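Predicted, not measured: the structure shown is a model, and the values here were computed from it.
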Amino acid sequence: SEVVQDGRTGLLVDPGDAGALAEAIASLLADGDRLGRFAAAARKHARANFGWDGVAEQVRRVYRSVGATRWST
């Protein structure tokens, strides 16, 4: 759920449901515009959340949280 946002950056199907996977792939192959929108949204999401700046900010938040907890007890 952190990487693929169903209907925004891609399509999610239940694990092991080969029929649903085939349908999802076929629907995207039939709709290149939708596929392109998913791809653009996925790139933007990945850069914002998994690029170096995003990861560094997440690490800073963890350190702040741990530091605040440590010093408040």
| Is it true that atom CG of Asp31 has more than 12 heavy atoms of other residues, nucleotides or ligands lying nearer than 6.0 Å? |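 Yes.
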| message | Do Arg34 and Leu11 make a side-chain contact, defined as non-hydrogen atoms from C-beta onward lying under 4.5 Å apart? | response |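 Side chain of Arg34 against side chain of Leu11, heavy atoms only: contact under 4.5 Å found.
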| Euclidean distance, Glu57 CD relative to Arg61 CZ, rounded to 0.5 Å |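 Going from the CZ atom of Arg61 to the CD atom of Glu57 covers 4.5 Å.
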| request: Establish whether Val13 and Leu29 are linked, either directly or via other cluster members, by ILVMFWY side-chain heavy-atom contacts under 4.5 Å. | output: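 Yes; Leu29 is reachable from Val13 via cluster members.
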| Of Val4, Thr9, Val3, the residue whose pairing with His45 passes side chain to side chain contact (heavy atoms under 4.5 Å, CB included) |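 Going through Val4, Thr9, Val3 one by one, the side chain to side chain contact (heavy atoms under 4.5 Å, CB included) with His45 is satisfied by Thr9 alone.
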